[in-house]
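Heads up: the structure comes next, in structure tokens.
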Amino acid sequence: METLNMTWVNLLRKQFIEILDYYDENPQRFDYKELKKAYDALLSVKSVEEFKQWRKLLKDYGLSFTDMARYSHDDNMLAVLDDYAEGANDKVLDVFIRWKLSFNPAKWTEVEKWNSELVDILLKATKREEDVHIVVFPCGKGRVKRWAAIGQDADRLFEVFGWQTGHVDATTGPVSWMFINAYGLEVLRQSGYSIQVRDFGEFDILSMAFEEDSVTSLQQFIDYLRMMDQLAGEQVRFLKKIRPVIYPHPGYDELTQAYIEFNKDFVVAKFDNGKKVTLADGKNWNLNGYAKPFAVQLGAELGEA
């Protein structure tokens, strides 16, 4: 069943807006005719299938994210959107395309302003003098079941569990933020730490921290499995393909063959050539080198479950 990862949708939205702004301010970039054709084709996209065809067009023009080694971001902002779209399921793409068709710059500015004001409210609602508890709260609408921590609580979760923090924008600037999926919440409940779940009503927060949210989703899932100790001795292949983040990383080809083994002490990515990369030693997570793009893609596959 396909999951709707709104952080992924928001990342696509953000890049689309940056594309419009950038080429509006730098029309000279369109001296390269294929780039102008690809830009116009993107603006005319009205369905998921047309978007997929647009990505094939980028490849034909040599402008896709796999060609990024030959182009800088400034030369080809379209390739960044192509990269962000790699691996996204049809549900994510459909929500993005429908938003694109109704996009209104003024309305988007209002949404961002309202989102920042909501972040301010959450900071005030969770602020306290004592530091005995870790406060989390439901965040999402409809059938999306996830929770979140903000500010000092997000930082505390990073310190205790090593889970990657992202950020959201308050009116005064960025603050620490962490989405928590159902697996992560169960880990918290069984951790022995004092966890308070406060319900502030139904709302959602606009987050662009796709990489961080994807990584922490994977970390929470693996920590849940380590806690349950259900997969001892079993090797689990999470996926067959991996996308690079913006550009192919060293070791990208190796990562396409990697799988994960873990126990309560270690999480290790193993490769067909015998090479091993330690992703976690206890609560200390290794996100250096190409361990990070590996974790990003695996987390994205999990969605917000």
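Values below: every heavy atom of this structure, side chains too, minus hydrogens, waters and symmetry copies.
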Review point. Are R146 and D213 within salt-bridge range, i.e. N to O under 4.0 Å?
Key: no

Point to revise | Mutual orientation of the aromatic rings belonging to F179 and W177 [parallel < 30°, tilted 30-60°, perpendicular > 60°] | key: perpendicular

Exercise for review: Find the distance between CZ (R55) and CG (L42) and round it off to the nearest 0.5 Å.
Suggested key: 12.0 Å

Exercise for review: Report the distance from atom CD of Q53 to atom CG of D60, rounding to the nearest 0.5 Å.
Suggested key: 9.5 Å

Check your understanding: Are the charged groups of D40 and K36 less than 4.0 angstrom apart, N to O?
Key -> yes

Point to revise | Student check: side-chain heavy atoms of L20 and F16 closer than 4.5 Å | key: yes

Point to revise | Test log, rule side-chain contact (heavy atoms from CB on, under 4.5 Å), inputs R189 and I195 | key: CA-CA 7 Å; R189 285 172 169 164; I195 307 297; 5.7 Å; no

Practice item. Apply side-chain contact (heavy atoms from CB on, under 4.5 Å) to D153 and F158, showing your working. Key: CA-CA 9 Å; D153 296 299; F158 172 75; over 6 Å; no

Exercise for review: Decide yes or no for T171 and E117: does some side-chain heavy atom of the first lie under 4.5 Å from some side-chain heavy atom of the second?
Suggested key: yes

Review point. So, for G184 and W163, which heavy atoms are closest and what is the spacing to 0.1 Å?
Key: O-CH2, 3.7 Å

Point to revise | Test item: D82 and E86 side chains (from C-beta on) under 4.5 Å apart, heavy atoms | key: no

Exercise for review: Going by the side-chain contact (heavy atoms from CB on, under 4.5 Å) test, name the single residue among D94, N89, V95 that passes it with V92.
Suggested key: N89

Review point. Is there a chain of hydrophobic side chains (I, L, V, M, F, W, Y, each step under 4.5 Å between heavy atoms) that links L118 to V135?
Key: no

Practice item. Answer yes or no: are there more than 12 heavy-atom neighbours, outside F103 itself, under 6.0 Å from its atom CZ? Key: yes

Point to revise | Heavy-atom side-chain proximity of D199 to F137 below 4.5 angstrom | key: no

Check your understanding: At what distance, to the nearest 0.5 angstrom, does CG of L12 lie from OH of Y84?
Key -> 9.5 Å

Check your understanding: Which pair of heavy atoms, one from L123 and one from G151, lies closest together, and at what distance?
Key -> CD2-CA, 4.3 Å

**Study point:** Of I180, V197, D223, I134, the residue whose pairing with L188 passes side-chain contact (heavy atoms from CB on, under 4.5 Å)
**Key:** I180

Review point. So Q15 and M77, side-chain contact (heavy atoms from CB on, under 4.5 Å) or not? Walk me through it.
Key: CA-CA 8 Å; Q15 183 58 28; M77 296 283 284; 3.7 Å; yes

Point to revise | Nearest heavy atoms of I205 and N10, plus distance in Å | key: O-ND2, 4.5 Å

Practice item. Indicate whether any N or O donor in one side chain lies under 3.5 Å from an N or O acceptor in the other, for D155 and S176. Key: yes

**Study point:** Minimum-distance pair of heavy atoms, taken over all atoms of A149 and A154
**Key:** O-CB, 3.7 Å

Point to revise | Donor-acceptor contact present, side-chain K127 to main-chain L122, <3.5 Å | key: no

Review point. Is there a path from F30 to Y32 through hydrophobic residues (I, L, V, M, F, W, Y) whose side chains come within less than 4.5 Å of each other?
Key: yes

**Study point:** Validation row: R156, H133 side chains within 4.5 angstrom (heavy atoms)
**Key:** no

Practice item. Supply the atom-to-atom distance L58 CG to L78 CG, rounded to the nearest 0.5 angstrom. Key: 6.0 Å

Review point. Does any donor atom in the side chain of Y39 or R29 lie under 3.5 Å from an acceptor atom in the other side chain?
Key: no

Point to revise | Residue pair E212 / T216, side-chain donor-acceptor N/O under 3.5 Å | key: no

Exercise for review: Take the angle between the ring planes of Y224 and Y183 and call it parallel below 30°, perpendicular above 60°, tilted in between.
Suggested key: tilted

Review point. Are the side chains of D169 and N115 in touch, meaning some heavy atoms are under 4.5 Å apart?
Key: no

Point to revise | Atom pair CG/CD of N104 and E110 - distance to nearest 0.5 Å | key: 8.0 Å

Practice item. Specify the closest pair of heavy atoms between W54 and A41, including all atoms of both residues, with the distance to one decimal. Key: CD1-CB, 3.7 Å

Practice item. Decide yes or no for F51 and F96: does some side-chain heavy atom of the first lie under 4.5 Å from some side-chain heavy atom of the second? Key: yes

Practice item. Using atom types as modelled and distance alone, determine if a side-chain donor or acceptor of N26 lies under 3.5 Å from a backbone N or O of Y23. Key: no

Practice item. Verify, without hydrogens or angle tests, whether N76 (side chain) and L63 (backbone) share a donor-acceptor contact under 3.5 angstrom. Key: yes

Review point. Going only through I, L, V, M, F, W and Y residues with side-chain contacts under 4.5 Å, is there a path from F200 to V119?
Key: yes

Review point. Roughly how far apart are S217 OG and M178 CE, rounded to 0.5 Å?
Key: 11.5 Å

Check your understanding: Any link between V168 and I121 through a network of hydrophobic side chains (Ile, Leu, Val, Met, Phe, Trp, Tyr) touching at under 4.5 Å?
Key -> no

**Study point:** Flag if over 12 foreign heavy atoms under 6.0 Å of NZ, K14
**Key:** no

**Study point:** Side chains of T66 and K59 in contact at under 4.5 Å (non-hydrogen atoms)
**Key:** yes

Practice item. Over all heavy atoms of both residues, which pair between T126 and R198 is shortest? Give the atoms and the distance, please. Key: CA-NH1, 4.2 Å

Exercise for review: Please lay out, stage by stage, how Q219 and F161 fare under the test side-chain contact (heavy atoms from CB on, under 4.5 Å).
Suggested key: CA-CA 9 Å; Q219 291 175 309; F161 297 96; over 6 Å; no

Exercise for review: Assess the side chains of N181 and W147: does a donor N or O sit below 3.5 Å from an acceptor N or O?
Suggested key: no

